[in-house]
Undergrad: 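Input: one structure, supplied below.
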Amino acid sequence: MSPARHALGAAPVGAQPDGDGRHAVHLLDQMIRIRRFEERCVELYSDTRIRGFLHLGIGEEACSVGVMEALGPDDAVVSTYREHGHALARGMSMRSAMAELEGRLEGCSRGRGGSMHLFDAATRFYGGNAIVGGGIPLAVGLALADRMMGRPRVTACFFGDGAVAEGEFHESMNLAALWQLPVLFCCENNLYAMGTALGRSESETDLSLKAASYRVPAWEVDGMDVRAVERSARDAAERVREGGGPHFLELRTYRFRAHSMYDPDRYRDKAEIERWKQLDPIATLTEALTGEGLLEAGELERIEQAASTEVDDAVAFADAGTLEPVEDLENFVLSGPAPGDGR
Amino acid sequence: MSPARHALGAAPVGAQPDGDGRHAVHLLDQMIRIRRFEERCVELYSDTRIRGFLHLGIGEEACSVGVMEALGPDDAVVSTYREHGHALARGMSMRSAMAELEGRLEGCSRGRGGSMHLFDAATRFYGGNAIVGGGIPLAVGLALADRMMGRPRVTACFFGDGAVAEGEFHESMNLAALWQLPVLFCCENNLYAMGTALGRSESETDLSLKAASYRVPAWEVDGMDVRAVERSARDAAERVREGGGPHFLELRTYRFRAHSMYDPDRYRDKAEIERWKQLDPIATLTEALTGEGLLEAGELERIEQAASTEVDDAVAFADAGTLEPVEDLENFVLSGPAPGDGR
Amino acid sequence: MTRISYREALREAMRDALRRDERVFLMGEDVGRYGGCFAVSLGLLEEFGPGRVRDTPLSESAFVGAGIGAALGGMRPIVEIMTVNFSLLALDQIVNNAASLLYMSGGQFNVPLVIRTSTGGGRQVAAQHSHSLEGWFAHIPGIRAVFPATVEDARGMLWTALEDPDPVIIFEHASLYNMQGELPDDAGPVDISRSAVRREGDDLTIVAFGGTLGVALDASEQLAADGVTAEVVDLRSLRPLDDATFVASASRTHRALVVDEGWRTGSLAAEVAARIQEQAFYDLDAPVARVCSAEVPMPYAKHLEDAALPSVGRVVAAAHALGG
Amino acid sequence: MTRISYREALREAMRDALRRDERVFLMGEDVGRYGGCFAVSLGLLEEFGPGRVRDTPLSESAFVGAGIGAALGGMRPIVEIMTVNFSLLALDQIVNNAASLLYMSGGQFNVPLVIRTSTGGGRQVAAQHSHSLEGWFAHIPGIRAVFPATVEDARGMLWTALEDPDPVIIFEHASLYNMQGELPDDAGPVDISRSAVRREGDDLTIVAFGGTLGVALDASEQLAADGVTAEVVDLRSLRPLDDATFVASASRTHRALVVDEGWRTGSLAAEVAARIQEQAFYDLDAPVARVCSAEVPMPYAKHLEDAALPSVGRVVAAAHALGG
Ligand SMILES: Cc1ncc(C[n+]2csc(CCOP(=O)(O)OP(=O)(O)O)c2C)c(N)n1
Ligand SMILES: Cc1ncc(C[n+]2csc(CCOP(=O)(O)OP(=O)(O)O)c2C)c(N)n1
Ligand SMILES: [Mg+2]
Ligand SMILES: [Mg+2]
């Protein structure tokens with residue numbers, strides 16, 4: 001029995017009823033919304049209406065959508081700087097996300113965070129963290145709070161393959177496993193950390209072995225197949241929620257774009273990129289649904305139409321947004337004076 | 001095949017010729033020197049001639065002696081704050097070690113380091129590190145230098161079971177394995193990190209699985225049997241030296257004393273301590289050699305006599321030592337003025 | 001009034017908090033079964049159980065980050081970093097998460113976390129175990145940093161810190177744990193944002209905090225014998241820095257001296273000196289002086305460590321040099 | 001003379017070092033195949049191969065520590081920490097090993113390590129990616145910290161740093177990489193321990209370094225137009241701090257202003273101010289002033305970030321307020 005298997009436990013089986021395929025269409029819809037949103041971001045960046053770092057998840061939408069579908073409203077999400085898809089799939093309004101990217105007061109973070117720091121208390125979306133591995137301990141702590149308060153919640157924690165080399169990942173896996181905390185670790189393995197291929201970052205590239213070394217059940221999932229991601233995520237989330245301790249999902253995916261807008265992408269060979277583009281989660285699901293006859297005539301067009309309308313509206317909202325008054329620069333450094341302090 | 005096995009590769013076979021048992025007697029001699037040295041340290045501490053933190057390795061001598069026997073003069077050693085045994089077994093003079101503990105200018109570190117910071121360039125002993133896990137990356141770097149300069153050397157790196165929870169341990173294991181560096185990782189698993197039992201520190205207490213997750217061959221060794229430790233260490237060191245990449249030894253041992261002189265040792269049950277004391281590496285080897293008829297009449301007494309003479313001499317040397325002039329307080333903060341700087 | 005040690009005061013403060021608010025819990029290395037490496041939390045595990053007094057693995061970054069996450073999740077964690085020396089391993093979590101989340105999220109997520117950590121030298125534990133990094137923490141926007149130097153503050157600061165919606169780091173000087181003091185029986189929460197004048201005087205102002213308050217007070221005794229009356233200001237709050245108190249004092253005494261166990265260059269003492277001269281320049285009769293630690297990794301040998309640390313003798317000499 | 005960018009100057013310095021001394025190698029995140037996140041090391045992998053230009057995993061603590069170990073082993077590592085923001089994850093190695101080993105070992109083990117890291121804000125990358133922590137590094141005994149602000153220093157400081165037997169950290173301000181400058185064709189090693197007067201003047205002294213030198217020089221232009229001639233001192237060496245230069249200047253101009261992109265409280269500017277008033281108090285006509293960054297986690301929105309950073313306008317206003 002290989003270490004991976006040893007860690008796997010029973011294979012995931014959970015699935016959601018989808019006789020009429022409406023749910024699958026919903027998944028497609030979500031992925032298309034995210035894709036169109038990010039494509040627009042690229043234009044706005046060239047337009048200099050979005051600045052700073054911009055990391056796109058184009059090609060990885062199935063991971064965001066599949067996992068979020070498996071979560072309930074009380075669950076929590078901790079993410080990275082490549083989080084537009086996570087935020088939108090989790091339910092953050094496209095308006096406040098776009099306003100944030102344009103640095104507006106109407107943005108989810110009042111324009112203080114930008115692309116890497118989307119936050120949304122309403123959907124328990126704890127950000128947007130730009131330090132690789134930096135969000136992982138937060139997820140462990142959120143889960144600890146739920147555990148101590150007896151709340152049947154799950155905290156989903158997203159990070160990339162590169163984060164697995166950071167000590168914080170290991171310390172966090174161990175702590176979550178040691179205390180059997182309800183964390184769903186979601187590793188988006190897109191094979192590269194900036195320009196560094198996984199094989200040049202890890203001596204053992206089978207990431208499920210890392211989980212095994214902490215007794216954390218791990219599953220390798222096709223991160224380009226949104227239905228497979230949702231199935232595994234639902235199954236893992238239920239086990240986590242039922243007290244099964246942390247679980248680890250390795251989502252095998254790929255970013256179609258460069259690491260960020262600054263990245264000339266010199267380190268990947270074009271053929272590899274093309275191969276992965278054949279697995280585009282949106283195209284493949286569209287094809288499948290069409291084949292299965294689950295996509296009604298004109299439905300795809302309606303979805304695309306709705307998506308571009310939503311994106312247009314979000315951009316209009318952002319453009320019409322205001323700038324936080326400079327006088328408020330120091331607000332929110334602290335919540336206010338210390339208790340009992342007159343000042 | 002369990003992950004541990006998966007990592008093990010072939011079992012160690014290397015052994016050293018010891019027909020007449022002289023070598024085993026030498027091992028016994030070394031362990032007794034260290035034991036008597038540390039017993040004297042306890043007296044000197046009560047005497048307030050040694051101050052600060054004092055961590056004793058009483059009970060763990062087989063680890064120090066067994067591993068050091070497997071190293072050559074050009075090899076390097078990186079250790080922890082519980083390093084008296086490592087330093088003495090490596091060849092540091094007992095005089096300079098004792099003088100250091102008494103804060104004398106004649107000490108290996110001029111009295112600046114104390115018990116936790118023994119250093120010795122002559123034997124390539126890189127200290128004495130008081131940050132748990134802090135020395136591990138140094139060992140990786142020393143090995144990298146040897147690798148880049150084509151020197152067939154091994155760097156032995158000692159750390160405890162508690163250090164396995166630190167991110168630095170994981171980052172270092174991965175880096176050493178990724179670059180196939182000649183590091184011999186020696187984990188002295190004495191089951192406790194201060195008052196924290198391994199089971200309360202690690203979700204997976206089989207430490208060889210950690211090594212497996214980096215593709216580092218790992219062996220579990222009876223750390224109370226100096227001959228077993230030497231055998232495994234020799235075998236592993238040879239593989240490392242021959243380009244086999246890093247290897248990991250889990251030395252199962254136990255400290256007979258409290259964590260430090262400050263520790264009331266409330267967290268271990270007396271029966272457990274007694275059980276382990278039955279495995280005292282010195283007593284058991286003495287018995288074995290006597291049984292095997294390898295210990296000549298009066299030899300043990302001669303060894304004990306020599307040890308106490310050496311310890312007496314070291315203490316006398318330390319007591320006769322001087323104090324570094326206070327005017328030199330700021331020496332060695334830097335080596336000197338920057339290149340080309342007139343000052 | 002009861003006589004109590006700084007250690008006991010800290011323990012009582014935690015016991016009290018654990019009783020008062022079930023959202024409060026203590027987590028850190030050896031805080032439970034071992035009783036805390038300085039025996040501060042001794043007995044709390046037995047009283048509150050392993051769920052609320054949590055021994056952690058040696059994973060400073062993860063358990064400090066987990067404390068931040070637990071605070072976000074509605075708990076009121078007290079995270080003990082055994083000594084400030086190990087806080088270096090958790091600085092990323094403290095700076096980039098604890099101190100930044102409220103601001104980065106546009107005010108959505110505050111972090112009601114309390115970190116306790118022991119600091120300072122003087123116990124011959126050498127370079128890696130004798131750091132005084134208070135100045136670094138005082139540099140970080142988004143956190144509060146306080147340093148109790150009396151048993152009353154040791155007893156009362158935790159309460160207020162736990163009621164604060166933002167991260168508060170509480171420093172404890174390892175050499176103060178055995179200090180005894182009088183505590184009113186109804187001792188309760190104390191202010192955590194103001195400095196306190198611990199001794200009044202007219203000839204010069206000595207600013208100190210934590211481990212150096214005792215040095216400053218002893219020095220002021222000697223100075224009094226020499227006919228110099230020093231006013232001693234205990235900073236208490238290192239961030240935000242209550243400059244009103246020490247600036248007012250220095251303006252009145254016309255001379256100021258700052259005693260800080262940190263390394264001189266870039267010390268908190270430098271900030272205090274900078275503020276005094278910025279705000280009281282024309283009232284000063286002499287430059288603001290500093291007595292800090294020698295800029296060396298702390299040596300083990302006692303005579304060298306003594307020479308490296310601020311001492312009563314050095315403070316008295318500096319005060320006289322000020323012409324005070 | 002050749003016209004060259006700060007980025008190219010840094011690259012030439014590394015190429016030169018890699019050619020000159022086979023003990024030299026470069027290691028860090030994405031320094032190889034990616035070419036460095038700011039393209040500083042672009043082309044070096046192709047020229048020197050993966051053995052000497054090493055891409056590391058995301059393991060700041062381990063690869064910085066490995067750099068220390070390699071230096072102990074006789075190499076001359078150049079370790080790139082992609083940005084100073086991530087240096088927080090390696091601070092334990094820097095403080096407790098790189099800076100302490102020589103002293104702790106009684107002079108036995110020096111650490112000839114060079115760390116390069118980019119620092120500073122101004123690019124709208126928000127709170128976690130805009131830190132200016134030079135002041136923290138200037139606080140650490142046992143290391144040198146330098147900050148090239150000109151192409152000549154960018155070209156020459158590395159050479160001298162590599163010849164230094166002790167750890168040297170070289171800061172590079174991310175906004176300077178595209179700065180162009182003239183370089184003598186025989187440009188070689190430069191001093192790394194002294195400050196430099198970049199502009200002479202009599203009415204006030206402006207002390208700046210790294211990213212703020214340009215701000216100070218631009219401000220001095222405007223001030224000149226207003227009839228105020230400012231002397232501009234570029235610190236260059238942040239540790240040890242060459243106070244002789246700026247103290248002499250301030251004593252002569254009687255007014256001083258320090259410009260520092262770090263947060264004001266506990267900034268390097270505080271140390272400079274403290275030293276000026278300590279050493280030139282009686283020559284000063286006004287308190288030493290500071291222009292630093294607002295004490296906030298850096299916001300993303302441009303107008304907020306601009307308001308948070310030191311600017312020419314703020315420096316000019318502060319200079320006039322000094323009565324200079
Ligand atoms: C601690 C830290 N080190 C380095 C960086 C710079 N950096 C930003 S993203 C990145 C690559 C991360 O790769 P991965 O974790 O695989 O996530 P991906 O970008 O592929 O989604 C790096 C090196 C950082 N932000 N934080
Ligand atoms: C980073 C860090 N955290 C905490 C400590 C305090 N401390 C010193 S030794 C120790 C226990 C280490 O246990 P282990 O690694 O098993 O080594 P052992 O003492 O058992 O030999 C702890 C927690 C430290 N020195 N460094
Ligand atoms: Mg990746
Ligand atoms: Mg142990």
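What you see is a predicted model, and the numbers here were worked out from it, not measured in a lab. Heavy atoms only: backbone and side chains are in, while hydrogens, waters and symmetry mates are out. The chains referred to below are lettered A, B, ... by the order of the sequence lines, with proteins before strands, and numbering in each begins at 1.
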Undergrad: Taking side chain as everything from C-beta outward and backbone as N, CA, C, O, which of these in A/Leu198 sits under 4.5 Å from a heavy atom of chain D? Side chain, backbone, both or neither.
TA: neither
Undergrad: Any side-chain donor-acceptor pair under 3.5 Å between D/Ser311 and D/Asp306?
TA: no
Undergrad: Under 3.5 Å, side chain of A/Arg95 to main-chain N/O of A/Ala314, donor-acceptor pair present?
TA: no
Undergrad: How about A/Glu60 and A/Asn190: does a side-chain donor come under 3.5 Å of a side-chain acceptor?
TA: yes
Undergrad: Check whether any side-chain N or O of D/Gln128 sits under 3.5 Å from a backbone N or O of A/Ala130 as a donor-acceptor pair, and report yes or no.
TA: yes
Undergrad: Would you mind checking which part of D/His129 comes under 4.5 Å of any heavy atom in chain A, side chain (CB onward), backbone (N, CA, C, O), both or neither?
TA: side chain
Undergrad: Counting heavy-atom pairs under 4.5 Å with chain D, which one of A/Asp265, A/Asn129, A/Leu329, A/Val132 comes out on top?
TA: A/Leu329
Undergrad: Can you tell me which of D/Met298, D/Gln124, D/Arg33 forms the most heavy-atom pairs within a distance under 4.5 Å of chain A?
TA: D/Arg33
Undergrad: Tell me, for D/Glu295 versus chain A, whether the close heavy atoms (under 4.5 Å) come from the side chain, the backbone, both or neither.
TA: backbone
Undergrad: If I measure from the heavy atoms of chain D, does A/Asp328 come under 4.5 Å with its side chain, its backbone, both, or neither?
TA: neither
Undergrad: Main chain of D/Met179, side chain of D/Ser5: is a donor-acceptor contact present, judged purely on distance under 3.5 Å?
TA: no
Undergrad: Would you check if the side chain of A/Arg49 reaches a backbone N or O of A/Glu102 as a donor-acceptor pair within less than 3.5 Å?
TA: no
Undergrad: Measure D/Leu88 against the heavy atoms of chain A and call it side chain, backbone, both or neither at under 4.5 Å.
TA: neither
Undergrad: Please state whether the side chain, the backbone, both or neither of D/Leu42 comes within less than 4.5 Å of a heavy atom of chain A.
TA: side chain
Undergrad: In terms of heavy-atom pairs under 4.5 Å, which option from A/Ile131, A/Val326, A/Leu105 contacts chain D the most?
TA: A/Ile131
Undergrad: Heavy atoms under 4.5 Å from chain D: which residues of residues 108-115 of chain A carry them?
TA: A/Gly111, A/Arg112, A/Gly113, A/Gly114
Undergrad: Counting only non-hydrogen atoms closer than 4.5 Å, does A/Met194 touch chain D with its backbone (N, CA, C, O), its side chain (CB onward), both, or neither?
TA: both
Undergrad: So which of A/His117, A/Arg104, A/Glu100 has the largest heavy-atom pair count under 4.5 angstrom toward chain D?
TA: A/His117
Undergrad: Would a distance-only check, ignoring hydrogens and angles, find a side-chain to backbone donor-acceptor pair under 3.5 Å from A/Arg51 to A/Tyr45?
TA: yes
Undergrad: Does D/Thr117 reach the main-chain N or O of D/Ile81 with its side chain, forming a donor-acceptor pair under 3.5 Å?
TA: yes
Undergrad: For A/Tyr81 and A/Phe53, I'd like to know if the aromatic rings sit close, meaning centre-to-centre distance below 6.0 Å.
TA: no
Undergrad: Can a donor-acceptor pair be found, under 3.5 Å and without considering hydrogens, that links the side chain of D/His173 to the backbone of D/Ser175?
TA: yes
Undergrad: Using a cut-off of under 4.5 Å on heavy-atom pairs, state which of D/Gly35, D/Ala126, D/Ser59 scores highest against chain A.
TA: D/Ser59
Undergrad: At a 4.5 Å cut-off on heavy atoms, which part of D/Ser61 comes close to chain A: side chain, backbone, both, or neither?
TA: neither
Undergrad: Indicate yes or no for a side-chain donor-acceptor contact from D/Glu305 to the backbone of D/Gly122 under 3.5 Å, with no hydrogens or angles considered.
TA: yes
Undergrad: Please tell me if the side chains of A/Ile136 and A/Glu168 come closer than 4.5 Å, counting only heavy atoms from C-beta onward.
TA: no
